[in-house]
Novice: 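One structure, pasted below without further comment.
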Number of protein chains: 2
Amino acid sequence: MRSDASEVYRRYLSAVMLHGHAGARACDLGATDLYALNILQLSGAMSPGALSDRTGLTTGPTTRLIDRLEQAGYVRRVPDPDDRRKIVVEPVAGPADLDRVMAPAREKIGEILRGYGPEQLDVLFDYFTRATAAYQEAAEDLRAM
Amino acid sequence: MRSDASEVYRRYLSAVMLHGHAGARACDLGATDLYALNILQLSGAMSPGALSDRTGLTTGPTTRLIDRLEQAGYVRRVPDPDDRRKIVVEPVAGPADLDRVMAPAREKIGEILRGYGPEQLDVLFDYFTRATAAYQEAAEDLRAM
DNA sequence: AGATTTCTCTTCTCTAAGGAAGAGATTAGG
DNA sequence: CCTAATCTCTTCCTTAGAGAAGAGAAATCT
């Protein structure tokens, strides 16, 4: 049963999203929290104000969003040395719930990737890199609308 | 700058998730709605009861979830010919907001994929297919916990 | 056929999350 | 030096969404 390529890719994306949601749900992590966490993982540490912009939230909810993430151990607040009004929110790489929950999937994917040869892996990681940029741009465009 | 492979993949996943969230947000689609939509796209049409199980919601919220999705034009209710109590919720492939919003990203990805040769595409789609199954299994396991 | 079970949908209630406005603190500019 | 602007955080309010319980309809079993 050879499905259409577009359909294969659609299902692939759905599976990735679905797994992400299921993981967040398993950690009692809200959708916006996961969203913010992805932003921080992708773009690195930033101030609460910048995170407000990115998430589209106003500053009030953002503060409590950071509170939740900090309390759950995913990020931490670090004072900005240059501007003492500011704070930098940086993601913490640690054995938090989300990592534990994601581990089985990472293992499965690792297993799959180990089945490829070097030049095949080059192709795959070339794609990963390009696709990351593409999705990042597309998300940026969406945000601007 | 050759980053660690695991890090590249992490960022890739973050970008995919981020784009999905941004798209949902642009369509005023709630997190659970997107979650359910992914389930339907991945597993095909199912009854509201089955969708309740998958989403982890009770039947009440599920009904209104389907109401929202139906009203927004993403799914439709079809009576089950075998059991007239039942209803089948099937995803509607149409020019809904989400498709329109996702279009730029699909175009970018299409552009990237067109840059590969036939055997490279075979590798990529082999990966997509395997990864879909892996994530689907992992999500299933998460749901069971 | 009658009783039980199954399935969807409705209603009510409650919690969680977001918006708006403003306070407090710090920096920049005249 | 003093005013204005910037940034984070707090407080209050509103609303979307989830749970619980039950009603109504249809299938299954005895």
Side-chain angles (χ1 to χ4, degrees), chain A residues 21-22 24-40 43 45-72 74-91 97 142-143, chain B residues 21-22 24-40 43-72 74-91 97-98 142-143:
Chain A
H21 277 278
R25 179 169 281 268
C27 298
D28 286 317
L29 212 59
T32 307
D33 299 21
L34 179 63
Y35 185 49
L37 213 47
N38 276 317
I39 291 174
L40 287 171
S43 299
M46 65 183 69
S47 72
L51 193 56
S52 291
D53 280 348
R54 294 294 199 92
T55 55
L57 271 58
T58 55
T59 64
T62 301
T63 296
R64 287 178 309 189
L65 166 76
I66 298 171
D67 288 344
R68 290 194 299 271
L69 291 179
E70 191 172 35
Q71 191 169 1
Y74 295 110
V75 305
R76 72 177 160 197
R77 285 178 164 98
V78 176
D80 186 322
D82 296 332
D83 188 336
R84 283 191 299 180
R85 292 169 307 179
K86 287 190 183 179
I87 277 184
V88 175
V89 182
E90 61 179 28
D97 280 355
L142 283 179
R143 196 167 65 78
Chain B
H21 277 277
R25 178 168 282 266
C27 297
D28 286 317
L29 212 59
T32 307
D33 300 23
L34 178 63
Y35 185 48
L37 213 49
N38 276 317
I39 291 173
L40 287 170
S43 300
M46 65 183 67
S47 72
L51 192 58
S52 291
D53 280 349
R54 294 292 199 91
T55 55
L57 270 58
T58 55
T59 64
T62 301
T63 296
R64 289 179 308 189
L65 166 76
I66 298 171
D67 288 345
R68 290 194 299 270
L69 291 179
E70 191 173 35
Q71 190 169 2
Y74 295 111
V75 305
R76 72 177 159 197
R77 287 180 163 97
V78 176
D80 186 322
D82 297 331
D83 188 336
R84 283 191 300 180
R85 291 169 308 179
K86 286 190 181 179
I87 276 185
V88 175
V89 181
E90 61 179 26
D97 280 354
L98 196 58
L142 283 179
R143 196 167 64 78

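Sequence lines set the chain letters: A, B, ... in the order given, protein chains first and strands last, and positions in each chain run from 1.
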Novice: Mind calculating the distance between CG (A:D33) and C1' (C:dG18) to the nearest angstrom?
Specialist: 12 Å

Novice: Which residues pass the salt bridge (charged side-chain N to carboxylate O under 4.0 Å, His left out) test with B:R143, sequence neighbours left out?
Specialist: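 Scan of B:R143 (salt bridge (charged side-chain N to carboxylate O under 4.0 Å, His left out), adjacent residues dropped) gives B:E140.
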
Novice: Can you name the side chain to side chain contact (heavy atoms under 4.5 Å, CB included) partners of A:T32, sequence neighbours left out?
Specialist: A:L57, A:L65, B:R25

Novice: Sequence neighbours left out, what passes salt bridge (charged side-chain N to carboxylate O under 4.0 Å, His left out) with A:D83? Give chain and number order.
Specialist: A:R85

Novice: Looking at A:A31 and B:A31, what are the two nearest heavy atoms and their distance?
Specialist: CB-CB, 3.0 Å

Novice: Mind checking what makes side chain to side chain contact (heavy atoms under 4.5 Å, CB included) contact with B:T59, not counting sequence neighbours?
Specialist: B:S52

Novice: Where along residues 45-58 of chain A does a heavy atom come under 4.0 Å from DNA chain D, residue by residue in number order?
Specialist: A:S47, A:P48, A:G49

Novice: What residues from residues 81-91 of chain A pass a heavy-atom cutoff of under 4.0 Å to DNA chain C?
Specialist: A:D83, A:R84, A:R85

Novice: Does B:Y35 have any ring-ring contact (aromatic ring centres under 6.0 Å, His included) partners at least two apart in sequence or in another chain, and if so, which?
Specialist: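 Partners of B:Y35 under the ring-ring contact (aromatic ring centres under 6.0 Å, His included) test: A:H21.
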
Novice: Which heavy-atom pair separates B:T62 from B:P48 by the least distance, and what is that distance?
Specialist: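 Nearest pair, atom of B:T62 first, then B:P48: CG2-O, 3.6 Å.
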
Novice: Does anyone know the first and last nucleotide of DNA chain D in reach of chain B, 5' to 3', at under 4.0 angstrom to a heavy atom?
Specialist: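 It runs D:dG17 to D:dA27.
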
Novice: Mind checking what makes side-chain hydrogen bond (donor to acceptor under 3.5 Å, both in side chains) contact with B:R84, not counting sequence neighbours?
Specialist: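 Listed in chain order: nothing, the list is empty.
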
Novice: Only counting residues at least two apart or in another chain, list the ones meeting salt bridge (charged side-chain N to carboxylate O under 4.0 Å, His left out) with A:D67.
Specialist: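 Scan of A:D67 (salt bridge (charged side-chain N to carboxylate O under 4.0 Å, His left out), adjacent residues dropped) gives A:R77.
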
Novice: Just wondering, more than 12 heavy atoms not from A:R68 lying within 6.0 Å of its CZ?
Specialist: yes

Novice: With sequence neighbours excluded, what pairs up with B:S43 under the side chain to side chain contact (heavy atoms under 4.5 Å, CB included) test?
Specialist: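 B:S43 satisfies side chain to side chain contact (heavy atoms under 4.5 Å, CB included) with B:M46, B:R54, B:Q136 once adjacent residues are dropped.
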
Novice: Return yes if some donor-acceptor pair links the side-chain N/O of B:Y74 with the main-chain N/O of B:D33 below 3.5 Å, else return no.
Specialist: no

Novice: By a strict heavy-atom criterion of less than 4.0 Å, which residues belonging to residues 60-71 of chain B are in contact with DNA chain C?
Specialist: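 B:G60, B:T63, B:R64, in order of number.
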
